[in-house]
Structure formats: C-alpha cells, structure tokens
Engineer: 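Supplied in structure tokens, the structure appears directly below.
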Amino acid sequence: MSANEVIARLLDVDSFVSWDRPPIGRAASPRYRQELVDASRRAGTDESVLTGEGLLRGRRVAVIACEFGFLAGSIGVAAAERIVEAVERATELGLPLIASPTSGGTRMQEGTVAFVQMVKIAGAVAVHKAAGIPYLVYLRNPTMGGVFASWGSLGHITFAQPGALIGFLGPRVYEALYGKAFPPGVQTAENLYRNGVIDGVVPIEVFRRIAHRALSVCAGLPLPLSAEPGWAAPVRNPGIPANPAATAWDSVLSTRRPGRPGIRDLLRHTSQRVPLSGTGQGETDRTVLLALARFGGQPCVVFGHDRSGRLEEQTMSPAALREARRAMALAGELRLPLVLVIDTVGAALSKEAEERGLAGEIARCLADLVTLDTPTVSVLLGQGTGGGALALLPADRVLAARHGWLAPLPPEGASAIVFRDIEHAPELAAAQRIRSADLLEDGVVDRIVEEYPEAADEPVAFARRVVLAIAEELAALRTHPPEELRTLRLARYRRIGR
C-alpha cells in the first residue's frame, strides 16, 4: 500500500487535510539530489512520509503514513522533521495520532545525522503520550531498522499488516555481515504477535474498526447504561442466593467447577472491546487477558486471569505479571480506570520463574498499583491463590463474588505445611478466613456480588451482575481526583490488620 492508499482506506472519504510543507533544504551531493528527484517522480510524493488530519468514523485524528516508494520509506532529516512537526501539532491540538510506518530504516545517503533523527522522533512521541493522548500504530510491509526501533514500537496499541516483514536488522544486511541467511519466519508480523511483541495482525480495514473502538474507550467519556447494547432489561436473580454461612471449603470447590464463568464471560457483556496481547517486549502468557473495554458504558483498561486459557496445572509466569504492569502503564498513560480480575491457581513455582524474576514482578505490581494515578477496581472472581492473586489485589474498590476466595496458598498447600498432609485443607481454609464474607469483615473486600446459588449455575446472569457492579464502582470513583484516590488507597492497606 502506498501512503495515499493507507490514508484513503483508514479515514472517512474526502476528510483528509494535509499538514505537509515543502521538505526542508538539505546539503546533498549531485547524485543524491538526483535520487531525490527520481524518487519523487516514481512515488508521486515529495518525501518518504505524508502527514495530516482527517476523520475516522467521524472522530478527528492525526495521521502519519510512510511512503515506501520514496527511497524505501527511509527516514532522513527532512522526513524526520515532518514527522516531529506532525506529532507536536497533534499534541498541541489534543488529537489522537495514528502512525503507519513502512520503511527500510534510516536513510543511508545522509549518514549518522539521519540515524540520530530517531531520537527526536521518539522524544516527540513520548511527549504526546505523556499528555494522555492516544498513539496507535499500524505497521506495514516492511518496517525495519531505526523506524521499528523508535516510533514504530511506541504505540499504546500496535497492529500489523498480514505477512509484513518487521524487524530490526534487515535480512540482506544480516547475511552480508554474518555470511549466512537470517532464520526464516522470525521477522514476520505473525511471529511477533505470537511472541507478544505486537497486539495483532489484521488488514487495514479491520484496523480501522479496531482504532475506532480503541479511541472510543480512550476518549474516557462514560456513556449511560441505556446506550449500551443488550442492557435494556435488568439482571434478574434466577433463584435462591448462596448460603452466606457456606464454608470456605465450599467456596473453594465452587470456584473449581468447570462451568464457572471467567474474565472472557465478563467481556462478552462489555462494549467497544479491543483485545491486546503480550507485554510488547517479546513475552506472552495464555493464563491472562488484556483489553480495552467499556463496562456498562464506563471506559477502562481491563486485565485479569483467564481460566479458559489454562490447564489445571498451568500457573502465572513472570511474563503474565509483566503484562499486568503493561496494563497498569496503559491505564496511567491514557488516564483510564483499571479493572483487575483475579481468578488464578497461583504464580509459577519453577526454575524458569525464579530465574526470570517472578518475585520481583509481584513486588513491582504491588508498588505500581498502590501508587497508580487512576481509579482502580479489583474483582475477586474465583480462585485467589498466592502472589499471583495478591499482585492484582490493591485497588480503590475490591469486589468479590460470593464464592471468591483469597489465600497465601491453595488450602491443600497450607495443610501440607501445617499438618504434613492435605486432608486438613478444609480446616485450614476456615482458619485462614479466606472466604468472601471473612474478607469483607476484615476490610480486604468492599462488596460481595451474589451467586444464585453458584456462578456456574447461572453464568450469563452472574457475568452481567458483575459487569454492572464494576460499572457502578467506576462511576463512583470518577468523582474523586487521582491524588485523593492514591492517598486513600495507601491508607486503606496501611490499616488492614490493625
């Protein structure tokens, strides 16, 4: 796709307005000047990048699109200046910015000075993001070198064209330097998605829809529940509620039922969903899920344990916790509330987990959450085992399903420590006060969402009930300034157990 094709397929018809001025002058050899003239004639553009603004489904956005036909989309001084001016203008106007790079990298004809331009581009993007304005990236075929290693890798969300070649060191350069071919299949959009580097691989028409949904959430404006599809009728209680006096062990067994709804069931009852993937740094974990969404009209970042993506023995790896920290960073940068869903058999106990910094990631999750400058809601949806559960707990408001529970270890593990057997697990579960009623009494939980009698018996009604409860809490938290929430959050955990 040419830059003009990208703009035409991304934006509403006839809505694009160019921001481009003639490229700045540059010292160039006669040969390079002729190359620029020839490139302009072939590509039909005056540089390797086009910038401007337009409408995406009626929403005003800024756009930067590379033109590969102009010297392989390479970035020199003039192109970099055009990009930075566009980023700065988008920041000044408060416009979301959509970047679509395709490039061989730095323009070799301009040498080191062109190479260093990536610094100022990355700096401009960082300022844009620091202002709380969305930055979305759509990588095209190919995106290589310094472009991928700067503004191509800084998106709040990043998607790519199917089959796109994406990487840092080009295959031709690798072979010239090392005398052998680069391993096949590594520098592809699909492989980067599988490995948690980018969020997805979609055609540009699909990315247009994704960008629209993402910007709807990132706008941060709540919608009335009546505007949400499928919420015309109230959630009805289908039967007799769970017995509040049920034992802790009853709750443990309830959360282990195969049909119990999880985070995916909650997301089915949200709107404007945009699933994201991985840490953005080459790690992914199937036991967790990250998305942008609206809960009952309330926009947020949502992250949580995904019971549908794990086998019974699968536990959270350090990558899952790093993905949690990505969710926290996204919420902070976009100034969106953060919803965390706890439903885990625990963090991994393995050589790999220890060597990859599991304990440190739990600690950093806790520190990030208690100091985050945005409203937070944590939901104890099912099993809450160990550090993997604790890492997602600190929040302004903590909800628990009636049978949700929180414990340092699975009750069987606690029994093995205390009694050297697992037969005392029910007794330990009661003694440790792990059930929701005890957590409410001890100040760990603020609100219990009922089950009738167990969530597995009414998965749809239960999921809708939880979504509504989350929406109510988010709406209430919006009335408090971030500084007040952070102070109250720290005080809350300071007094637990005193």
Side-chain angles (χ1 to χ4, degrees), residues 241-263 287-288 304-317 320-321 340-351 353-354 358-359 362 366 378-394 398-445 448-459 462 466 496-497:
N243 179 7
T247 68
W249 188 244
D250 290 333
S251 289
V252 171
L253 296 179
S254 175
T255 59
R256 292 176 178 175
R257 285 183 59 181
R260 187 175 179 88
I263 187 173
T287 68
V288 295
H305 304 118
D306 181 13
R307 64 189 294 127
S308 70
R310 66 168 189 255
L311 301 173
E312 188 59 33
E313 70 274 10
Q314 285 184 310
T315 49
M316 292 177 67
S317 71
L321 294 159
L340 300 157
V341 178
I342 300 171
D343 190 3
T344 180
V345 296
L349 303 174
S350 67
K351 173 180 180 292
E354 296 291 349
L358 176 69
I362 294 173
L366 295 174
S378 184
V379 184
L380 185 55
L381 195 65
Q383 301 183 83
T385 301
L390 186 67
L392 305 190
L393 180 72
V398 180
L399 314 184
R402 171 57 70 181
H403 286 302
W405 55 274
L406 181 69
L409 286 174
E412 295 90 339
S415 177
I417 290 175
V418 177
F419 295 102
R420 299 182 182 274
D421 62 40
I422 63 171
E423 283 71 30
H424 290 79
E427 177 183 335
L428 259 294
Q432 290 185 323
R433 297 177 61 80
I434 70 172
R435 62 179 189 152
S436 62
D438 298 322
L439 298 173
L440 181 66
E441 186 177 329
D442 291 340
V444 176
V445 161
I448 293 176
V449 180
E450 283 298 344
E451 303 183 35
Y452 293 88
E454 295 185 18
D457 300 318
E458 42 133 16
F462 172 76
V466 173
I496 287 180

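A quick note: this is a predicted structure, and the numbers were derived from the prediction, not measured.
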Engineer: To the nearest 0.5 Å, what is the distance between CD (E427) and CZ (F419)?
Structural biologist: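 If we round to the nearest 0.5 Å, E427:CD and F419:CZ are 4.0 Å apart.
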Engineer: If you compare all heavy atoms of L321 against all heavy atoms of A391, which two are closest, and at what distance to 0.1 Å?
Structural biologist: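 Distance-wise, the nearest heavy atoms are CD2-CB, 3.7 Å.
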Engineer: With distance as the sole test, does R307 use its side chain to make a donor-acceptor pair with the main-chain N or O of R260 at under 3.5 Å?
Structural biologist: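 Looks like yes, one N/O pair under 3.5 Å.
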Engineer: Could you give the distance from OG1 (T385) to CG (L409), rounded to the nearest 0.5 Å?
Structural biologist: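 Spacing of OG1 (T385) from CG (L409) equals 8.0 Å.
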Engineer: Apply side chain to side chain contact (heavy atoms under 4.5 Å, CB included) to residues V379 and V466 and explain how you reach the verdict.
Structural biologist: CA-CA 9 Å; V379 184; V466 173; 4.1 Å; yes
Engineer: Specify the closest pair of heavy atoms between A248 and I434, including all atoms of both residues, with the distance to one decimal.
Structural biologist: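 Looking at all heavy atoms of both residues, the shortest contact is CB-CG1, 3.9 Å.
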Engineer: Are V444 and L406 close enough that some pair of their side-chain heavy atoms sits under 4.5 Å apart?
Structural biologist: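 SC-SC contact between V444 and L406 confirmed.
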Engineer: Do L439 and L380 have side chains that get closer than 4.5 Å, going by heavy atoms?
Structural biologist: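 Yes, close enough: below the 4.5 Å cut-off.
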Engineer: Search all heavy atoms of P459 against all heavy atoms of P261 and return the closest pair with its distance.
Structural biologist: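 So the two residues come closest at CA-CG, 3.9 Å.
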Engineer: Verify, without hydrogens or angle tests, whether D343 (side chain) and Q383 (backbone) share a donor-acceptor contact under 3.5 angstrom.
Structural biologist: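 Looks like yes, one N/O pair under 3.5 Å.
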Engineer: Please find the pair of heavy atoms, one from L392 and one from G304, that lie closest to each other, and give the distance.
Structural biologist: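 Result for this residue pair: CD1-CA, 4.4 Å.
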Engineer: Can you find a pair of side-chain heavy atoms, one from P453 and one from D457, that are under 4.5 Å apart?
Structural biologist: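 SC-SC contact between P453 and D457 confirmed.
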Engineer: Should L366 and L390 count as side-chain neighbours, where that means a heavy-atom distance under 4.5 Å?
Structural biologist: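 Counting from C-beta outward, L366 and L390 do come under 4.5 Å.
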Engineer: Keeping the roles fixed (side chain from R435, backbone from A246), state whether a donor-acceptor pair exists under 3.5 Å.
Structural biologist: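 Side chain of R435 to backbone of A246: a pair is present.
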Engineer: Any side-chain donor-acceptor pair under 3.5 Å between W405 and S436?
Structural biologist: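 The criterion, which ignores hydrogens and geometry beyond distance, is not satisfied for S436 and W405.
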Engineer: Hey, are the side chains of R256 and P410 touching, using non-hydrogen atoms and a 4.5 Å cut-off?
Structural biologist: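 They are in side-chain contact.
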Engineer: Identify the two heavy atoms, one from G388 and one from I362, that lie closest to each other, and give their separation to 0.1 Å.
Structural biologist: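 Residues G388 and I362, closest heavy atoms: N-CD1, 4.5 Å.
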Engineer: Might you work through the side chain to side chain contact (heavy atoms under 4.5 Å, CB included) test for L393 and V398, ending with a clear yes or no?
Structural biologist: CA-CA 7 Å; L393 180 72; V398 180; 3.9 Å; yes
Engineer: With side chains defined as the heavy atoms from C-beta onward, is the minimum distance between T287 and T344 less than 4.5 Å?
Structural biologist: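 A side-chain contact is absent here, since even the closest heavy-atom pair is not under 4.5 Å.
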Engineer: Taking atom CG of N243 and atom NE2 of H403, what is their separation to the nearest 0.5 Å?
Structural biologist: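 The distance works out to 8.5 Å.
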Engineer: Hey, is the main chain of H424 close enough, under 3.5 Å, to the side chain of S415 for a donor-acceptor pair?
Structural biologist: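 Between the backbone of H424 and the side chain of S415 there is a qualifying donor-acceptor contact (under 3.5 Å).
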Engineer: With salt bridge (Lys or Arg N to Asp or Glu O under 4.0 Å) as the test, pick out the partner of R402 among E451, E450, E454.
Structural biologist: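 When salt bridge (Lys or Arg N to Asp or Glu O under 4.0 Å) is applied between R402 and each of E451, E450, E454, only E450 qualifies.
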Engineer: Taking all atoms of both residues into account, what is the closest heavy-atom pair of I496 and D442, and its distance?
Structural biologist: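 In this case the closest contact between I496 and D442 is CG2-O, 4.3 Å.
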Engineer: Could you tell me whether the side chain of L381 reaches within less than 4.5 Å of the side chain of I342, counting heavy atoms only?
Structural biologist: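 Answer no - side chains too far apart.
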Engineer: Looking at side-chain heavy atoms only, is the closest gap between I263 and V341 below 4.5 Å?
Structural biologist: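 With C-beta onward as the side chain, the pair touches.
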